[in-house]
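Here is the structure we will look at, set down as structure tokens.
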There are 2 protein chains.
Amino acid sequence: MTVESNSTEARAGSAMRSLSRAIQVFEQLQRYEHPQRLNQIAKDCGMSSPTTLRILRVLQDSGLVSQTDKNYRIGPAVLPAARVFLEADPLPRSARPILQQLAQNTGLTASLYTRLGFERVLVERVVGAASLGYELPQGRRLPLTVGAAGKILLAALDEEQLAEVISAAVELRYEPVGFTLEELRRRLPAAGEDYAYSEDERATGVVSVAVAVPSRNDGVTESIALTAPVHSSSRDDLVARVPELRHAARRLADLLASTVY
Amino acid sequence: MTVESNSTEARAGSAMRSLSRAIQVFEQLQRYEHPQRLNQIAKDCGMSSPTTLRILRVLQDSGLVSQTDKNYRIGPAVLPAARVFLEADPLPRSARPILQQLAQNTGLTASLYTRLGFERVLVERVVGAASLGYELPQGRRLPLTVGAAGKILLAALDEEQLAEVISAAVELRYEPVGFTLEELRRRLPAAGEDYAYSEDERATGVVSVAVAVPSRNDGVTESIALTAPVHSSSRDDLVARVPELRHAARRLADLLASTVY
DNA sequence: TATTTAATTTTACTGTATGAAATTCCACAA
DNA sequence: TTGTGGAATTTCATACAGTAAAATTAAATA
């Protein structure tokens, strides 16, 4: 039973056990719908109650966790951290004007996602003239296997990596048990295509295209998407925007690469 | 039980040293204007480079820290955490409609702050009809010693606690070296007053009143404020709103107390 | 009040975090 | 290109901090 299925991924040296466990607790708390009690958290993280309690206490001292009665949840200290990220990090900073321009030119909603573990996170979004009819808030975790902006992040992965993605997606309840590589492959962009398309996939009534933001370092971790209500845009309409998207992605990559501190 | 000397300092039992240090690194990264290199971070946190490096690596694995070249900064994983907090925590959730109503009735900007260590954080804000002429983003850290919403959080503290607040405020560069208890006392509400007032204090051109959100547990940690441009509201105008504020604070306290999971 | 379950503290043990020192890496200069 | 200094990283012996079992206390439930 390898219950060690933590999103912090057991790496080589298994360094900093207590810190890794604390992060595991912190992440677990984010997955709950409601605050949870000590024993539940301990069980879900696969560690003993005393250990979990001590971790929670330290996190609580810094405001990263808060407690009412016997229930623990994410605390207010995450708010300033996110603020710092949004104001200082080159990714959202650089993306803002670019998404702005995309939304302006296309009338569609322009979004920037980044990969985080086996999910993607909406980092920045500029809503276009054509409303989507629903709100997707900054910072929301979304699947990689569903939606154009997720799938394009998988385009460059090999078989082994995709297998990991699939088992994680099942674990996270994004995909049903038994979800196969073939099913996933069918959704992903065909060989040679540098963009992904989705229709009624992650959200119903919504179509979108996405391209990857090039990065010379490790694999692709960011994507830019254009999204529209399904009744207002055809597939061809969206695909016609791909060159524009490509250009935006390239511009963002250049900006990121040239950021000097 | 005395308030911990410093959220990042070694406490009585000195429990979880590595975790405490990791949090210290995480907080330090939030204080930098720009990404910093390993040795700088290590020095600022008062620990060795190898230790700091190991901590940074673990934080990086979870996305709480990111790195470009040799520079470390806060990573994108804080975004989903903040999202969870804003969507699930009873504090912002309960406050939203109450602030909404306050802003509606008064035409002013209504804000909810929570104390975090020796600072306060803007948790939720509803902008009123009368614009303030500046933006204050959710999650920003602000001083306790300046501004109505900060000062009201200090109203119930004793001499010893105020001394701590002062030395922390100096440490954080919110107050000049040599800032005295008498100077602070002069700003704080007089005995018997349950509200604080500020004019051109934290932000110029802005006046505000604030009341504390009652809490039966430990000391007060939340405050609600009404803010207006200085040219549009007199002190009396604002103080006339105090009963309304009191009512809102009471309502919020009741909501929080009755929240069931 | 009795009974059960969860939270917390204690304790003895074990493994992990630690920093000095050594080594490698890297930027810049010669 | 090679040399040089500073920074990052790895190694490693040691001390100490984190661990879980068991005990204790508190809090639900009947």
Side-chain angles (χ1 to χ4, degrees), chain A residues 1 3-4 6 8-26 28-29 32 34-62 64-73 216-218 257-258 260-261, chain B residues 1 8-26 28-29 32 34-62 64-73 216-218 257 260-261:
Chain A
M1 313 316 171
V3 194
E4 287 289 347
N6 45 9
T8 35
E9 269 324 295
R11 46 169 44 221
S14 83
M16 306 252 119
R17 183 145 91 126
S18 63
L19 176 52
S20 299
R21 288 175 150 196
I23 291 174
Q24 201 183 335
V25 168
F26 183 67
Q28 185 59 44
L29 282 178
Y32 291 129
H34 292 291
Q36 298 290 325
R37 331 239 332 190
L38 174 62
N39 278 355
Q40 185 61 44
I41 301 167
K43 201 172 69 167
D44 294 337
C45 293
M47 42 217 234
S48 72
S49 295
T51 298
T52 310
L53 179 63
R54 270 174 306 108
I55 289 171
L56 285 169
R57 282 215 266 243
V58 179
L59 292 177
Q60 202 175 347
D61 284 342
S62 68
L64 288 170
V65 161
S66 50
Q67 178 184 14
T68 44
D69 304 320
K70 300 296 173 61
N71 298 301
Y72 297 88
R73 59 191 142 84
R216 48 180 154 51
N217 307 336
D218 42 2
S258 69
V260 177
Y261 303 103
Chain B
M1 199 192 301
T8 59
E9 268 308 315
R11 49 178 34 237
S14 82
M16 305 253 119
R17 183 144 90 129
S18 64
L19 176 51
S20 301
R21 288 174 150 195
I23 292 174
Q24 199 183 338
V25 168
F26 183 67
Q28 184 61 41
L29 282 178
Y32 291 129
H34 293 291
Q36 299 290 324
R37 334 248 314 200
L38 174 63
N39 278 356
Q40 184 63 44
I41 300 167
K43 201 172 68 164
D44 293 337
C45 294
M47 44 216 233
S48 71
S49 295
T51 299
T52 310
L53 179 63
R54 275 183 314 237
I55 289 172
L56 285 169
R57 284 215 266 243
V58 179
L59 292 177
Q60 202 175 348
D61 284 342
S62 68
L64 289 170
V65 161
S66 51
Q67 177 184 16
T68 44
D69 304 318
K70 300 297 175 60
N71 297 303
Y72 297 89
R73 59 192 143 79
R216 48 178 157 53
N217 307 335
D218 42 3
V260 177
Y261 304 104

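Letters go in sequence order (proteins before strands), and every chain restarts at 1.
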In whole angstrom, what separates [X]'s [atom1] from [N]'s [atom2]?
X       : N      : atom1 : atom2 : result
B:Asn39 : C:dA20 : CG    : P     : 13 Å
B:Lys43 : D:dG6  : NZ    : C1'   : 13 Å
A:Ile55 : C:dT8  : CD1   : P     : 14 Å
A:Met47 : D:dG18 : CE    : C1'   : 11 Å
B:Arg17 : C:dG19 : CZ    : P     : 6 Å
B:Lys70 : C:dA27 : NZ    : P     : 6 Å
A:Asp69 : C:dT5  : CG    : P     : 21 Å
B:Leu19 : C:dT18 : CG    : P     : 11 Å

Quick check: does any side chain N or O of [X] sit under 3.5 Å from a backbone N or O of [Y], one acting as donor and the other as acceptor?
X       : Y       : answer
B:Thr52 : B:Ser48 : yes
A:Gln36 : A:His34 : yes
A:Ser20 : A:Met16 : yes

Notebook entry, point to check: Among D:dT10, C:dT18, D:dA20, which is the nearest nucleotide to the side chain of A:Met16?
Noted result: C:dT18
Margin query: Nearest to the side chain of A:Leu53, heavy atoms from C-beta on, is which of D:dT10, D:dA20, C:dT8?
Written below: C:dT8
Is the distance from OP1 or OP2 of [N] to the nearest side-chain N or O of [X] less than 4.0 Å?
X       : N      : answer
A:Arg21 : D:dT19 : yes
B:Arg37 : D:dA8  : yes
A:Thr51 : D:dA20 : yes
B:Arg57 : D:dT10 : yes

Notebook entry, point to check: Base, sugar-phosphate alone, or nothing: which one does B:Arg54 contact when heavy atoms must sit under 4.0 Å apart?
Noted result: base
Next item on the list: Just call it for A:Ser18: base, sugar-phosphate, or nothing, with non-hydrogen atoms closer than 4.0 Å on any strand.
Entry: sugar-phosphate
Notebook entry, point to check: Just one of A:Leu19, A:Asp61, A:Leu59 clears the side-chain contact (heavy atoms from CB on, under 4.5 Å) bar with B:Ile23, so which one?
Noted result: A:Leu59
Notebook entry, point to check: Are a donor atom and an acceptor atom from the side chains of A:Gln40 and A:Asp44 found within less than 3.5 Å of each other?
Noted result: yes
